[in-house]
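Just below is one structure, and these are the notes that go with it.
Computed from a predicted structure; not experimentally measured.
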Amino acid sequence: MRWFIYPFKCLLFGFLAMQAYFAIQIGLWTTINPDSTAFQRAERWRLCTWHWTCPIQSKWTPYDKISGNLKRAVLVSEDDIFFQHKGVRVEDMQKAWEKNQQKNRSGKQAKTALRGGSTITQQLAKNLFLSSEQNYFRKGQELIITGLLELTLSKQRLFEIYLNSVEWGEGIFGIGAAAQHYFTTTPAALDREQSAALASALPAPKCFDKTQYCRKANIHFPTRQEFILEYMDRVALAPNPKSSSNK
């Protein structure tokens, strides 16, 4: 039996070491801003390979320098109860799994993008550390990292990192770069319409930026923008809505 136990112990040690690495990294981010994410590094390699110059745009913006309009618009678009849940919305994940299973059985998965049930924290976990592959192991690791993020960082800090690392077009990462690229302004100056437009792009940011990516994206930006504008004022920017001072 020893021949079986030894490889198992090695795998277990490797798995635990990897979780410890994630936990240490997340702990550092309580005070230090992430310099990049796994997704950003993958995109940089895809776009630039070994070239010194690279069309990657990214500029960190502190949380209090980001417009409340943009924060609310992103919450409506991606996770309207982000400040209330603990990292995972089980019902949404179950609905997404059932819908994706139906697509798989009908043979439409090659033509239609799979619907996600991920919260902002889950999206952040994937972007920070993981690949874009869809399998059960990666999803399980995503849930572990999500738990570590929620246990270690405040909701405001999680949202700050998300807004500064999420993709907003090919080579455009974070709200600082997006505000400048699309509207030649700062994140603090984004108005309601601009914020809703940016938030509407998050499900398919490359499609929003470059039309050649739009063929497979089932996203109707004007309709989505109208929906976001309608519901922007109904989301909370803090665990207790009465304590929110960001207007």
TODO: Taking all non-hydrogen atoms of both residues into account, name the closest pair between I172 and Y182 and its distance.
DONE: CD1-OH, 4.0 Å

- [ ] For the pair N164 (side chain) and T61 (backbone), establish whether a donor and an acceptor sit closer than 3.5 Å, ignoring hydrogens and angles.
- [x] yes

- [ ] Check side chain to side chain contact (heavy atoms under 4.5 Å, CB included) between E230 and all other residues, then give those that pass, not counting sequence neighbours.
- [x] R234

Open item on the list: Quick check: closest heavy atoms across A178 and L198, and the distance to 0.1 Å?
Closed with: CB-CD2, 4.2 Å

Open item on the list: Between F82 and T119, is there a side-chain heavy-atom distance shorter than 4.5 Å?
Closed with: no

Open item on the list: When you measure from the side chain of R72 to the backbone of A236, do you find a donor-acceptor pair of N or O atoms at a distance under 3.5 Å?
Closed with: no

TODO: Kindly say whether A73 contributes a backbone atom to a donor-acceptor pair with the side chain of S195 at under 3.5 angstrom?
DONE: no

Task: Heavy-atom check, side chain of W60 versus side chain of I161, under 4.5 Å - done: yes

Task: Polar side-chain atom of R224 near backbone of S77 as donor-acceptor pair, under 3.5 Å - done: yes

Task: Shared hydrophobic cluster for L28 and L158 (ILVMFWY, side-chain gaps under 4.5 Å) - done: no

Task: Charged N-O contact under 4.0 Å between R192 and D233 - done: yes

Open item on the list: For the CG atom of L128 and the CD atom of Q123, what is their distance to the nearest 0.5 Å?
Closed with: 11.5 Å

TODO: For residues S165 and Q40, determine if any side-chain heavy atom of one lies less than 4.5 Å from a side-chain heavy atom of the other.
DONE: yes

TODO: Could you tell me the separation between the CD atom of E150 and the CD1 atom of I145, rounded to the nearest 0.5 Å?
DONE: 13.0 Å

Task: 4.5 Å side-chain heavy-atom contact, E43 and R46 - done: yes

Task: Ring center gap for F129 and W29 short of 6.0 angstrom - done: yes

Task: Y21: ring pair (Phe, Tyr, Trp, His ring centres under 6.0 Å) partners, not counting sequence neighbours - done: none

Task: Spacing of CD1 belonging to I120 relative to CD belonging to E78, to within rounding of 0.5 Å - done: 6.5 Å

Open item on the list: Checking T184 now: which residues fulfil side chain to side chain contact (heavy atoms under 4.5 Å, CB included) with it, not counting sequence neighbours?
Closed with: Q180

- [ ] Spell out, yes or no, whether L16 and L148 are grouped together once hydrophobic residues are joined by side-chain heavy atoms under 4.5 Å, including indirect joins.
- [x] yes

Open item on the list: Strictly distance-based, threshold 3.5 Å: is any side-chain N or O of N69 a donor or acceptor partner for the main-chain N or O of L190?
Closed with: yes

- [ ] Tell me, please, which residues at least two apart from F227 pass side chain to side chain contact (heavy atoms under 4.5 Å, CB included).
- [x] V76, Y231

Open item on the list: I'd like to know if the side chain of K155 reaches the main chain of H85, judged simply by a donor and an acceptor atom lying under 3.5 Å from each other, with no hydrogens or angles considered.
Closed with: yes

Task: Spatial distance of atom OG1 (T146) from atom NZ (K139) [nearest 0.5 Å] - done: 8.0 Å

Task: CA sep, side-chain torsions, deciding dist, call: F183, D191, side chain to side chain contact (heavy atoms under 4.5 Å, CB included) - done: CA-CA 10 Å; F183 301 111; D191 61 28; over 6 Å; no

Open item on the list: Can you confirm if the NZ or CZ of K71 lies within 45° of the ring axis of Y63 and under 6.0 Å from the centre of its six-membered ring?
Closed with: yes

- [ ] Search all heavy atoms of P62 against all heavy atoms of E160 and return the closest pair with its distance.
- [x] CA-OE2, 3.4 Å

Open item on the list: Does any part of the side chain of L70, heavy atoms only, come nearer than 4.5 Å to the side chain of P187, both counted from C-beta?
Closed with: no

Task: salt bridge (charged side-chain N to carboxylate O under 4.0 Å, His left out) partners for R138, two or more places apart - done: E142

Task: Distance in Å, S118 OG paired with K126 NZ, rounded so as to fall on 0.5 Å steps - done: 6.0 Å

Task: R157, CZ atom: more than 12 neighbouring heavy atoms under 6.0 Å - done: yes

Task: Main-chain N/O of L149 paired to T152 side chain as donor or acceptor, under 3.5 Å - done: no

Open item on the list: Do Q19 and Q141 pair up side chain to side chain, a donor and an acceptor below 3.5 Å, judged on atom types alone?
Closed with: yes

TODO: Can you label the angle between the F159 ring and the F83 ring as parallel, tilted or perpendicular, going by 30° and 60°?
DONE: perpendicular

Open item on the list: Quick test of your reading: applying disulfide bond (SG atoms under 2.5 Å apart), list the pairs with at least one residue in residues 19-50, sequence neighbours left out, ordered by first then second residue.
Closed with: C48-C54

- [ ] Check the pair Q57, W168 against side chain to side chain contact (heavy atoms under 4.5 Å, CB included), reporting the backbone distance first and the verdict last.
- [x] CA-CA 10 Å; Q57 302 176 46; W168 250 299; over 6 Å; no

Open item on the list: Ignoring hydrogens, what is the shortest heavy-atom contact between A238 and Q84? Give both atom names and the distance.
Closed with: O-NE2, 3.5 Å

Task: Distance, nearest 0.5 Å, that separates CD1 of I228 from OG of S200 - done: 5.5 Å

TODO: Decide yes or no for I144 and F22: does some side-chain heavy atom of the first lie under 4.5 Å from some side-chain heavy atom of the second?
DONE: no

Task: Side chain to side chain, Q122 and D79, heavy atoms closer than 4.5 Å - done: no

Task: Common cluster, I81/L237, ILVMFWY with side-chain heavy-atom separation under 4.5 Å - done: no

TODO: Keeping the roles fixed (side chain from T49, backbone from W45), state whether a donor-acceptor pair exists under 3.5 Å.
DONE: no

